[in-house]
Amino acid sequence: MKHDQVMNVAKKRGFLWSSFEIYSGVAGFVDYGPLGAILKNKIMNKWRKYYVVGEGFYEIESPTIMPEEALKASGHVDHFTDPMTECKDCMDVYRADHVIEEHTGEDVEGLENQILTEKISENKIRCPRCGGHLNKVWNYNLMFQTLIGAKGKKIGYMRPETAQGIFIPFKRLLRFFRNKLPFGVVQLGKAYRNEISPRQGVIRLREFTQAEAEIFINPQDKSHPRFSKIKEYKLNLYPASSQMGDKKIITLTAHEAHKNEIVSSEMLIYQLYLAQKFLRELGIPDNVLRFRQHLPTEMAHYAIDCWDVEVKTDRYGWIEIIGIADRSDYDLKSHSDYSSEDLKVFMEYPEPVNIKKTIAKPNMQKFGPAFKNQAPALMKFLEETDSEEIKKSFQTNGFFEVELEDKYQILPEHLEFEEVDETIRGEKIFPHVIEPSFGIDRIVYSVLLHCFNQEEDKNYFQFATDIAPVEVSVFPLLNQEDLTSMAQDIKDKLRELGFIAEYDSSGTIGRRYARSDEIGVPFALTVDHESLSSDTITIRNRDDSQQIRIPIADIPTILLDLKESKIEFKNLKSLYGDL
RNA sequence: GCGGCUGUAGUAUAGUCUGGUUAGUACUUGGGCCUUCCAAGCCUACAGCCCGGGUUCAAAUCCCGGCAGCCGCACCA
């Protein structure tokens, strides 16, 4: 299987291996080795180039440990869990709600554990496997818990996603962006999930790296300013309707996807486009990519629309590497509720609106004495209440009842109704959030898998020039003093100029080319005898073993142009001629 | 988390059933020789029985536990 060969080379040549090996390892953790770490960083920097430079989003960095309150608000403390139950006899563990649903057909999702436990005993549900008794229902929370501070009273969790770190300082971010939508903020970093049994190598890690962008937009306007530029761009879509129907992947242009309402907004389609362009430049071809829409049943309740970018693998089938979701205003709303901070944005209308409006104004001489210290709270409540509703209640009941800590009856004599002209310049709204969320480790894996090339006697990573960990190899043709010293000098010079260059003189030249190819070094410079007399050197292309002789003085510019794809290797030929 | 199978240098393996010499081989890697362009050859070196306990005069080998990997179930996105 290609997977096995790739992981083998990856381990052997220092890209990736499982962590803590000398202590037998722990499932769900990996080390990136010397080359893997560079590769991963280059991929992350390319991501930054796309989202920070290209899209104009800004990057922030927030802690990986978060206090319990914050994750209560996001719903992770209560909902990032599974209700589990264990058979007392065979010790098998089950999802409690699934067992009950299977037995009774009742939808019990989201019910308290106690109620689930009761349901199990009421319905005399037994272990589906052995018929044994099932234990009390407990929550398995996927978050790693820790204690903050010396006394350890404050519960903290390792963050399960980087996104929350962006929602929490929303007010400061909004100020930074001078109170105007839309704007985007990104974060790249580690996230943690204590998976029950991670067995899919780098696909399911307990500690993994995410790159997430949170794009805050006006819910009324999910268009994208550059949509017209990408409207002919083709996307391989696998919408929910196809998944439930003919299982066919359909190829549509961005425009068609929008017109036919396959994808819910321009903004979302633009994000799909961007993701695909990014992956393509990483060397993941379109034919192993698809965009799969979440089924209504699997979508989080707050999401409006959600698409996974999936990559085809021989080992794991289609795997999700990127999730692109319209999360609506869910996150900001719940942080608003929990923190009682106002996380709304004031949206100014294009034209101010003048309206006539009846307001209920308290008659303080009567209102104050009647409600005493509750008066301020009641006034605030009335301000937020539609005065028509109050009027109606007066007509039918003779009073208007307000329930705060107690119930209060407001009588007509307490209020005066007044007609006022009001100019409304805008309104405060919660922005909606479009979130592309990249699983960096899975992307690194996909790059390794799909860049790996097998030709007769040559196995190598065909990395794009801008993500190849080692950028250039420098060899002496033979292991002779005059050649080696020149090659060493060239290598040092290139290092000084910022290239990741490697020198190698061991074994035959062929072996060195092979070694260099295997780890995906795109170019090799070879010092031969002609170099000594003519100040030229041969440059060899990894992908086709072609060589061209170039002046030594031109090496840095040529390498840089090749790295940034400003020129292709085959075009060098017309500039410098054949070897 | 449960059940089955598996675990020997960096990699691939022999040896395990039937306990007994210095754990063998190939590739890789380091050093050297040779070599005027694609894993050649020669010399040489480094490197291993997953961890812990038990049985035994003696354990890579038998037994128990742990850990990890694979497969199935369950779980997860």
Side-chain angles (χ1 to χ4, degrees), chain A residues 1 3-5 7-14 17-29 33 80-87 89-99 102 127-130 132 140 142 160-161 191 193-201 203-206 208 210 292 294 298-300 306 308 310 315-316 318-323 325 437 439 442 455-460 473 475-480 483 504-518 524-532 538-542 544-547 549 579:
Chain A
M1 204 181 263
H3 163 90
D4 298 320
Q5 286 171 294
M7 293 315 283
N8 215 327
V9 176
K11 196 192 270 188
K12 188 171 81 177
R13 300 307 306 273
W17 54 74
S18 52
S19 304
F20 315 116
E21 275 180 324
I22 65 164
Y23 299 108
S24 314
V26 183
F29 297 94
F80 204 58
T81 65
D82 295 312
M84 308 291 277
T85 182
E86 188 186 47
C87 171
D89 296 334
C90 71
M91 309 296 274
D92 238 8
V93 176
Y94 301 95
R95 275 280 295 260
D97 51 348
H98 288 190
V99 174
E102 210 168 284
C127 171
R129 175 187 291 223
C130 74
Y140 180 80
L142 254 37
E161 59 175 14
R193 296 179 188 179
N194 202 356
E195 301 286 355
I196 296 172
S197 71
R199 273 203 309 206
Q200 290 152 299
I203 298 308
R204 176 100 107 270
L205 294 172
R206 288 185 164 127
F208 56 101
Q210 289 186 307
R292 191 182 68 81
H294 276 207
E298 71 182 309
M299 197 147 52
C306 187
D308 285 345
E310 297 187 325
R315 180 76 179 70
Y316 307 109
W318 288 95
I319 56 163
E320 174 197 347
I321 56 169
I322 302 170
S437 169
R442 291 179 175 191
E455 294 165 9
E456 305 111 65
D457 252 359
K458 179 170 162 184
N459 290 347
Y460 67 107
S473 298
F475 304 135
L477 181 60
L478 296 172
N479 204 355
Q480 289 168 6
L483 298 178
D504 186 3
S505 67
S506 97
T508 60
I509 187 72
R511 187 193 254 341
R512 283 177 260 149
Y513 286 143
R515 262 202 293 257
S516 167
D517 285 343
E518 190 176 46
L525 298 166
T526 305
V527 175
D528 57 14
H529 292 93
E530 209 177 322
S531 306
L532 298 172
T538 60
I539 180 167
R540 172 184 176 277
N541 190 25
R542 173 196 64 200
D544 57 10
S545 308
Q546 295 271 311
Q547 282 179 305
R549 185 168 291 276
L579 186 58

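Protein chains get the first letters and strands the later ones, always in sequence-line order, with residue 1 at the start of each. On a predicted model such as this, the values are computed, not experimentally measured, just so you know.
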So does A:Arg292 pair up with A:Glu310, basic N to acidic O under 4.0 Å? yes
Please report, rounded to the nearest Å, how far the P atom of B:rU36 is from the CG atom of A:Leu477. 8 Å
Check this for me: does the side-chain of A:Arg540 come within 3.5 Å of the base of B:rC37 through a donor and an acceptor? no
Round to the nearest Å and state the distance from A:Asp4 atom CG to B:rU11 atom P. 14 Å
Among B:rU11, B:rC37, B:rA77, which is the nearest nucleotide to the side chain of A:Tyr513? B:rC37
Pair assignment for B:rC62, Watson-Crick or G-U wobble, requiring both distances under 3.5 Å: B:rG54
NZ of A:Lys458: more than 12 outside heavy atoms within 6.0 angstrom? yes
For residues A:Arg540 and A:Ser545, report the shortest heavy-atom separation together with the two atoms involved. NH2-OG, 3.5 Å
Testing B:rG10, B:rC37, B:rA12 for proximity to the side chain of A:Thr538, the answer is B:rC37
With both distances under 3.5 Å as the test, what is the Watson-Crick or G-U wobble partner of B:rA68? B:rU6
Determine the interatomic distance between P on B:rU25 and the same-named atom on B:rG65; round to the nearest Å. 36 Å
Now, which nucleotide makes the Watson-Crick or G-U wobble pair with B:rC75, with each of the two distances under 3.5 Å? none
From NZ of A:Lys11 across to C1' of B:rA12 the rounded distance in Å is 13 Å
Output the rounded distance in Å from CZ (A:Phe29) to P (B:rG69). 12 Å
Spacing of A:Glu518 atom CD relative to B:rC38 atom P, expressed in whole Å: 19 Å
Of B:rC37, B:rG30, B:rC38, the nucleotide closest to the side chain of A:Asp528 is B:rC37
Between B:rC63 and B:rU18 - P atom distance, rounded Å: 10 Å
Heavy-atom closest contact (A:Gln210 atom, A:Ser437 atom, distance): NE2-OG, 3.8 Å
For A:Asp504 and B:rU29, give me the distance from atom CG to atom P, rounded to whole Å. 9 Å
In whole Å, measure the gap between the P atoms of B:rA47 and B:rG54 for me. 29 Å
Using a cut-off of 4.0 Å on non-hydrogen atoms, how would the nucleic acid contact of A:Ser18 be classed: base, sugar-phosphate, or nothing? nothing
Taking N and O atoms by type only, does the side chain of A:Gln547 place a donor or acceptor under 3.5 Å from a partner on the base of B:rC37? yes
Taking the side chain of A:Arg315 as its heavy atoms from C-beta onward, which of B:rC71, B:rA39, B:rG10 lies nearest to it? B:rC71
Counting only side-chain heavy atoms from C-beta out, which of B:rA39, B:rG31, B:rC38 sits nearest to A:Thr508? B:rA39
Sugar-phosphate, base or nothing in reach of A:Asn479, heavy atoms under 4.0 Å: base
Mapping A:Phe80 and A:Leu478 onto RNA chain B by nearest heavy atom, which one lands closer to the 5' end? A:Leu478
If you measure from the P atom in B:rA9 to the same atom in B:rG32, how many Å do you get, rounded? 28 Å
G-U wobble or Watson-Crick pairing nucleotide for B:rG41 (cut-off 3.5 Å, both distances): B:rC33
Earlier contact from the 5' end, RNA chain B, for A:Gln480 and A:Leu142: A:Gln480
What distance, rounded to whole Å, do you find between the two P atoms, one in B:rC62 and one in B:rC17? 5 Å
Between B:rG53 and B:rU11, how many Å separate the two P atoms, rounded to a whole number? 25 Å
Distance between P atoms of B:rA23 and B:rG3 (Å, rounded): 37 Å
Can you tell me how far C1' in B:rG48 sits from the matching atom in B:rG10, rounded to whole Å? 11 Å
If you only use heavy atoms from C-beta on, which nucleotide in B:rA77, B:rU36, B:rC38 is closest to the side chain of A:His529? B:rU36
Does A:Arg511 place a side-chain N or O at less than 4.0 Å from the phosphate oxygens OP1/OP2 of B:rA40? yes
Using purine N1 to pyrimidine N3 plus N6-O4 or O6-N4 for Watson-Crick, or N1-O2 and O6-N3 for G-U wobble, each under 3.5 Å, what pairs with B:rA47? none
Short side-chain to backbone donor-acceptor contact, A:Arg206 and A:Ala27, under 3.5 Å: yes
Paired with B:rC17: which nucleotide, if any, by Watson-Crick or G-U wobble criteria at under 3.5 Å for both distances? none
Is B:rU11 paired to anything, Watson-Crick or G-U wobble with both distances less than 3.5 Å, and if yes, which nucleotide? B:rA26
Is A:Arg512 salt-bridged to A:Asp517, cutoff N-O under 4.0 Å? no
Considering only B:rC37, B:rG69, B:rU35, which nucleotide approaches the side chain of A:Ala27 most closely? B:rG69
Per atom distances to the A:Arg515 side chain, the nearest of B:rU35, B:rU29, B:rC37 is B:rU29
Considering only B:rC37, B:rA77, B:rU11, which nucleotide approaches the side chain of A:Asn8 most closely? B:rU11
Closest approach of A:Thr526 and A:Tyr513, non-hydrogen atoms and distance? OG1-OH, 2.7 Å
Cut-off 3.5 Å, side chains only: do A:Ser473 and A:Arg542 have a donor facing an acceptor? no
Rounded to the Å, how far apart are A:Leu525 CG and B:rC38 P? 18 Å
Can you tell me how far P of B:rU36 sits from CZ of A:Arg549, to the nearest Å? 16 Å
